[in-house]
Q: 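Attaching a single structure in structure tokens format; questions to follow.
Just the heavy atoms: all of them, side chains too, but no hydrogens, waters or symmetry mates, feed the values below. Each chain gets a letter, A, B and so on, in the order the sequences are listed, and its residues count up from 1.
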Protein chains: 2
Amino acid sequence: MSSDAPGFELPLRLLLAFRMLIDELHAELARQGHPDLRPMHGFVMQAIGPRGTTAVELGRMLGVSKQAAGKTIDTLERVGYVERTTDSHDTRRKIARLTPYGMDALNRSARIFDDLRARWAHELGEERLQALEADLRKVTPDGLWRLDTPGWFGSL
Amino acid sequence: MSSDAPGFELPLRLLLAFRMLIDELHAELARQGHPDLRPMHGFVMQAIGPRGTTAVELGRMLGVSKQAAGKTIDTLERVGYVERTTDSHDTRRKIARLTPYGMDALNRSARIFDDLRARWAHELGEERLQALEADLRKVTPDGLWRLDTPGWFGSL
DNA sequence: CCATATAGTCAATCAGGTTGTCTATCATGT
DNA sequence: ACATGATAGACAACCTGATTGACTATATGG
């Protein structure tokens, strides 16, 4: 099948590779005290960043509505990764900030991703891995990381 | 950021590359008479294959419950990509088969993916692209393509 | 021939997303 | 100073896709 339709393999492998990294990340995170963290939480927390964000800003970054971003913040808040504070300069704004627990998850994620990358470097060779990263950079746009993957994938 | 956390970039680029391919596929499919096809439909139709499947089997292949698989078949049936027939040897089973319209979508998808791959080959060079594919093969498992991406990504 | 396993369906529930609406608060221009 | 318009957040209604649990119909095997 892949001989007569060589183009089919690429997207599958890309998705599979992504999933493997994410699944292994969360298996390891679970071992390190973050069993409730779901794939998209990591993305959202990174988007929130160390300085915090509002629902509107988060929605723009993630490419979803402010309501959806607000609901996601609700979830993260309920699980303890995020807390809401009010902006003293603009009482309308409620800034979502990472809690120490959230920062811990983010820091651990970064380390685990580095470890996973190192494993790939071991399997492929550092040179080949750098080439792979460079090539991916070449075919993907910079900036703009749309994270509306769940809804994007399904629908109709 | 990518200097102190080099491992963060890889998963993002993989996802982004996957999304680009899928988005361009569906933009082109829409131009070619399949405007209602959603990303996951292609995956499901490929899982159904030319010989057809039942909801239970499909659920196993996709890693979702038989009910979810049944609903997905309902959707595909409603849009005309799939039709249900009964198995004469086992009247419990209802086999979902691709309609000619569904086969057309699948064939066009294959051609479009080939074109997209050719574009990447043009941008990266055929050699580099083959190296990329080989490397992805090396770090991803064969067989077992779990396609439960929508639910997998979100949840909690 | 009955007991068990399997295929499919129905119903209730949940997560996440969307749009629309509403209120409170800021920011600006006259 | 104030009226106007823009923005932030919350609430409600609705859609899709997935889950579990319960139920029916049909095979299958002891």
Q: For a quick test of reading the model: is some side-chain N or O of A:T91 closer than 4.0 Å to OP1 or OP2 of C:dC26?
A: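 For C:dC26, OP1/OP2 do have a side-chain N/O of A:T91 under 4.0 Å.
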Q: Using atom types as modelled, flag every donor-acceptor pair under 3.5 Å from a side chain in residues 119-126 of chain B to any protein atom, sequence neighbours excluded.
A:
from	atom 1	to	atom 2	distance (Å)
B:R119	NH1	B:E24	OE1	3.4
B:R119	NH2	B:E24	OE1	2.4
B:R119	NH2	B:E24	OE2	3.3
B:E126	OE1	B:R117	NH1	3.4
B:E126	OE2	B:R117	NH2	3.1
B:E126	OE2	B:Q130	NE2	2.6

Q: Could you give the NE2-to-P distance, from B:H41 to D:dT16, as a whole number of Å?
A: 11 Å
Q: Hey, which sits more toward the 5' end of DNA chain C by its nearest nucleotide, A:A69 or A:H89?
A: A:A69
Q: What residues form a salt bridge (Lys or Arg N to Asp or Glu O under 4.0 Å) with A:R97, not counting sequence neighbours?
A: none
Q: Report each atom pair, protein N/O against N/O of nucleotides 8-12 of chain D, whose distance is under 3.5 angstrom.
A:
from	atom 1	to	atom 2	distance (Å)
D:dG9	OP1	A:K94	N	2.7
D:dG9	OP1	A:K94	O	3.0
D:dG9	OP2	A:A55	N	3.4
D:dG9	OP2	A:V56	N	3.3
D:dG9	N7	A:K66	NZ	2.7
D:dG9	O6	A:K66	NZ	2.9
D:dA10	OP1	A:K94	NZ	2.9

Q: With B:E57, which residues qualify under salt bridge (Lys or Arg N to Asp or Glu O under 4.0 Å), at least two apart?
A: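 Scan of B:E57 (salt bridge (Lys or Arg N to Asp or Glu O under 4.0 Å), adjacent residues dropped) gives B:R93.
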Q: Roughly how far, to the nearest 0.5 Å, is the CZ atom of B:R38 from the OG1 atom of B:T72?
A: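 The OG1 atom of B:T72 sits 13.5 Å away from the CZ atom of B:R38.
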Q: How would you list, by chain and number, every residue that makes a salt bridge (Lys or Arg N to Asp or Glu O under 4.0 Å) with B:R111, sequence neighbours excluded?
A: none
Q: Counting just side-chain N and O atoms, does B:T86 come under 4.0 Å of either OP1 or OP2 of C:dG8?
A: no
Q: How would you list, by chain and number, every residue that makes a side-chain contact (heavy atoms from CB on, under 4.5 Å) with A:A134, sequence neighbours excluded?
A: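 If we apply the side-chain contact (heavy atoms from CB on, under 4.5 Å) test to A:A134, skipping adjacent residues, the hits are A:R137, B:R128.
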Q: Per the ring-ring contact (aromatic ring centres under 6.0 Å, His included) rule, what does the pair list look like for residues 57-95 of chain B, sequence neighbours excluded?
A: B:H34-B:Y81, B:Y81-B:Y101
Q: Kindly say if B:S65 contacts the phosphate of D:dT19, meaning a side-chain N or O under 4.0 Å from OP1 or OP2.
A: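 Yes, such a contact exists.
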Q: Expressed in angstrom and rounded to an integer, what is the separation of A:E77 atom CD from C:dA15 atom C1'?
A: 17 Å
Q: Go through the structure and list residues passing salt bridge (Lys or Arg N to Asp or Glu O under 4.0 Å) with B:D115, not counting sequence neighbours.
A: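 Partners of B:D115 under the salt bridge (Lys or Arg N to Asp or Glu O under 4.0 Å) test: none.
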Q: Which atom pairs link the protein and nucleotides 1-5 of chain D when you take only N or O atoms and keep those under 3.5 Å?
A:
none

